Amino acid sequence: MDPLDSPEVQDASMAPMLFFPHDADSATDVKCRRLILRLGYEGYGRWWRLCEMMASTPGHAVPCATEEDRMLLCDELRCDDDELSALLGALADFGLVPADVLAEGRIASERMAKNALYFGRRRVNGKKGGNAKAERNRRRTA
């Protein structure tokens, strides 16, 4: 296993992200174009709100298994249950979310997982750098 993908990195990658990269031309991506064609810019906006929710949720997967989960999602996305079902179906159809994870009652994204791993690596490496600097400072003052 690559040392960057250590359990420490995996743990760090599960923490909520304060931000995530968003490509300026994402609307031209074929998956997003299909989403816009099927559900309009309202569906596209809901997709990006889901991305924000995934980023800020520990583990980066939003629950959708229970009726209460779906009610909360509908409230957050300003839609009804039929619109939510259409959105989730389209996201799975176009490969924006894995259908098998969705079938387990979670909304997740491979792209968000990659973003989280990137930030997890940075957190761990930053911590190591900070620890090394603190050790050097301790030696100087001792």
Side-chain angles (χ1 to χ4, degrees), residues 1-139 141:
M1 174 183 258
D2 184 331
L4 293 177
D5 294 332
S6 67
E8 186 179 13
V9 168
Q10 294 292 332
D11 287 346
S13 71
M14 298 305 256
M17 295 182 282
L18 298 177
F19 66 93
F20 61 93
H22 172 93
D23 297 335
D25 65 347
S26 63
T28 64
D29 176 81
V30 69
K31 294 175 184 180
C32 289
R33 288 183 65 209
R34 290 176 192 273
L35 179 63
I36 293 166
L37 183 64
R38 186 180 295 179
L39 298 177
Y41 280 96
E42 192 169 13
Y44 181 66
R46 287 177 175 146
W47 160 239
W48 282 109
R49 180 62 190 121
L50 278 173
C51 288
E52 293 168 352
M53 293 170 69
M54 286 184 274
S56 63
T57 300
H60 313 293
V62 176
C64 64
T66 68
E67 183 178 344
E68 187 174 82
D69 292 337
R70 293 179 67 88
M71 288 173 61
L72 290 170
L73 279 168
C74 287
D75 182 60
E76 186 66 35
L77 299 174
R78 308 299 189 260
C79 65
D80 61 32
D81 195 64
D82 290 338
E83 292 169 317
L84 178 63
S85 293
L87 174 65
L88 297 179
L91 296 176
D93 288 350
F94 304 142
L96 290 165
V97 299
D100 58 331
V101 175
L102 189 58
E104 294 171 0
R106 296 178 297 125
I107 304 166
S109 160
E110 292 174 19
R111 175 76 182 263
M112 196 60 65
K114 287 178 185 177
N115 291 336
L117 188 56
Y118 169 79
F119 285 112
R121 288 173 178 161
R122 289 186 53 123
R123 287 176 182 138
V124 169
N125 289 335
K127 182 179 173 185
K128 287 178 183 175
N131 289 343
K133 183 177 180 181
E135 181 60 29
R136 284 193 303 273
N137 289 338
R138 276 193 290 274
R139 288 183 195 155
T141 59

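Fair warning: this is a prediction, and the values are worked out from it, not measured in the lab.
- Of all heavy-atom pairs between Ser109 and Met54, the closest is N-SD, 3.6 Å.
- Take Leu37 and apply the side chain to side chain contact (heavy atoms under 4.5 Å, CB included) test, not counting sequence neighbours, and it matches no residue.
- Here the OG atom belonging to Ser13 is positioned 11.0 Å from the CG atom belonging to Asn115, to the nearest 0.5 angstrom.
- Atom OG1 in Thr57 sits 11.5 Å away from atom CE in Met14 (nearest 0.5 Å).
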message: If you apply the rule side chain to side chain contact (heavy atoms under 4.5 Å, CB included), what do you find for Asp69 with Val62, and how did you get there?
response: CA-CA 9 Å; Asp69 292 337; Val62 176; over 6 Å; no
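- No donor-acceptor pair closer than 3.5 Å links the side chain of His60 to the backbone N or O of Met17.
- In this structure, Phe119 has its ring center closer than 6.0 angstrom to the ring center of Phe19.
- When every heavy atom of Tyr44 is checked against every heavy atom of Ala27, the shortest pair comes out as OH-N, 3.2 Å.
- Across all non-hydrogen atoms, the minimal contact from Ala61 to Arg106 is CB-NH1, 4.0 Å.
- Contact between Arg123 and Ala15 at its shortest, heavy atoms only, is NH1-CB, 3.4 Å.
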**Message:** Is there a side chain to side chain contact (heavy atoms under 4.5 Å, CB included) between Arg111 and Asp23? Walk through the geometry before answering.
**Reply:** CA-CA 12 Å; Arg111 175 76 182 263; Asp23 297 335; 3.3 Å; yes
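- With rounding to the nearest 0.5 angstrom, the CZ atom of Arg33 is 12.5 Å from the OG atom of Ser26.
- Qualifying side chain to side chain contact (heavy atoms under 4.5 Å, CB included) partners for Ser85, counting only residues two or more places apart in sequence or in other chains: Arg70, Asp81.
- If you run side-chain contact (heavy atoms from CB on, under 4.5 Å) between Lys31 and each of Ile36, Leu96, Asp93, Leu91, only Leu96 comes through.
- Of all the heavy atoms in Gly43 and Leu35, the pair that sits closest is O-CD2, 3.9 Å.
- Counting non-hydrogen atoms of other residues, nucleotides and ligands closer than 6.0 Å to CZ of Arg49 gives a total above 12.
- More than 12 heavy atoms of other residues, nucleotides or ligands lie within 6.0 Å of CZ in Arg38, so this atom counts as buried by the packing criterion.
- Checked options Val101, Leu87, Leu102; the residue passing with Ile107 is Leu102 (criterion: side-chain contact (heavy atoms from CB on, under 4.5 Å)).
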Check against side chain to side chain contact (heavy atoms under 4.5 Å, CB included), Met53 and Leu73 = CA-CA 10 Å; Met53 293 170 69; Leu73 279 168; 3.7 Å; yes
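- Considering CG of Leu84 and CG of Leu72, their distance stands at 11.0 Å, rounded to 0.5 Å.
- The local environment of CD in Glu110 is sparse, with at most 12 non-hydrogen atoms from other residues, nucleotides or ligands closer than 6.0 Å.
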**OP:** Could you walk me through whether Tyr118 and Lys114 pass the side chain to side chain contact (heavy atoms under 4.5 Å, CB included) test, one step at a time?
**Re:** CA-CA 6 Å; Tyr118 169 79; Lys114 287 178 185 177; over 6 Å; no
